[in-house]
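Below: the structure, in structure tokens.
Just so it is clear, the values below take in all heavy atoms, side chains as well, and ignore hydrogens, waters and symmetry mates.
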Amino acid sequence: MIAQLEEAVLRVPSSRNLKPWRFVFVTDKALLQGLAHAKASFGEFIDGAGLGVVVCADAGASDCWIEDCSIAAATLQLVATDLGLGSCWVQIRAREGADGRPAEEHVREVLGLPDTLSVLCIVPVGYPAEEKAARPVESLSWDRIISGPPADRP
């Protein structure tokens, strides 16, 4: 499954085909535990994941690195779902750690990444502990779609 996830992110399109993204696939429990403390909150569950994918980039390689990495992270989550796995986006860029430092610094320190890499997010992946129901179609924010209403919309 990890090989399928790796292949999926490497097939993601990028602006001008510059491919600024880099991916760190982490399965080591001690490293996952260290990554779980990158943010002040909402990252603790990384510790319980079987895999954490750190999505980062050489920001100097493309002015669209954030968009390129976002497409890759979303694709990773879709492929994980197709494989019967669960995942969650853990924002790292522009977030603060519990110690007051940028969360990116913590991630770079835990993984020994160079300062030249900017970290967008971590996507923990594993077997879901529970199955959540999809939101009812009636609860969707249809007012966010600016085009005319379709005839079959609630």
*State yes or no: do Trp65 and Val12 share one hydrophobic cluster built from I, L, V, M, F, W and Y residues joined by side-chain heavy-atom distances below 4.5 Å, directly or via other members?*
no
*Among Leu32, Val53, Val54, Val26, find the residue that satisfies the side-chain contact (heavy atoms from CB on, under 4.5 Å) test when tested with Ile122.*
Val54
*Heavy-atom pair of closest approach, residues Ala74 and Trp89*: N-CZ3, 4.4 Å
*Would you say the side chain of Leu5 lies within less than 4.5 Å of the side chain of Leu83, judging by non-hydrogen atoms?*
yes
*Are Phe45 and Val107 in one and the same hydrophobic cluster, where Ile, Leu, Val, Met, Phe, Trp and Tyr link if side-chain heavy atoms are under 4.5 Å apart?*
yes
*Give a yes or no on whether the backbone of Lys19 and the side-chain of Asp68 come within a donor-acceptor separation of less than 3.5 Å.*
no
*Residues in side chain to side chain donor-acceptor pair (under 3.5 Å) with Glu44, at least two apart?*
none
*asked:* What's the separation between atom CD1 in Ile71 and atom CG in Leu76, rounded to the nearest 0.5 Å?
replied: 13.5 Å
*asked:* Once rounded to the nearest 0.5 Å, what's the spacing between atom CG of Leu85 and atom CG of Leu51?
replied: 8.5 Å
*Are Val55 and Val125 joined in one hydrophobic group, where the rule is that I, L, V, M, F, W and Y side chains link up if heavy atoms are under 4.5 Å apart?*
yes
*asked:* Nearest 0.5 angstrom please: Phe23 CZ to Cys69 SG, how far?
replied: 6.5 Å
_Counting C-beta onward and ignoring hydrogens, is there a side-chain heavy-atom pair between Asp63 and Arg16 closer than 4.5 Å?_
yes
*Taking all heavy atoms of Pro124 and all of Cys88, pick out the closest pair and write down the distance.*
CD-O, 2.9 Å
_Beyond-backbone contact of Leu120 with Trp21, side-chain heavy atoms, under 4.5 angstrom_ = no
_To the nearest 0.5 Å, what is the distance between CG on Asp47 and CD on Gln33?_
4.5 Å
_So which atom in Val90 and which in Phe42 form the shortest heavy-atom distance, rounded to 0.1 Å?_
CG1-O, 4.0 Å
*Any chain of hydrophobic side-chain contacts (each under 4.5 Å) joining Val24 to Ile2?*
no
*asked:* Is it the case that the side chain of Glu130 and the backbone of Lys132 share a donor-acceptor pair, with hydrogens and angles ignored and the cut-off at 3.5 Å?
replied: no
*Can you tell me how far OG of Ser141 sits from CZ of Arg144, rounded to the nearest 0.5 angstrom?*
5.0 Å
*asked:* On a heavy-atom basis, which atom in Ala72 and which in Val9 lie closest, and how many Å separate them?
replied: O-CG1, 3.9 Å
*asked:* How long is the straight-line distance from CG of Leu117 back to CD of Glu104, given to the nearest 0.5 Å?
replied: 9.5 Å
*Which heavy-atom pair separates Ala49 from Lys29 by the least distance, and what is that distance?*
O-NZ, 3.1 Å
_Ile145 reachable from Val137 in the ILVMFWY side-chain graph, under 4.5 Å edges_ = yes
*Keeping the roles fixed (side chain from His106, backbone from Gly34), state whether a donor-acceptor pair exists under 3.5 Å.*
yes
*Nearest heavy-atom pair of Cys56 and Leu113: which atoms, and what distance?*
SG-CD1, 4.4 Å
*Side-chain ion pair, Asp115 and Arg108, N-O less than 4.0 Å*: yes
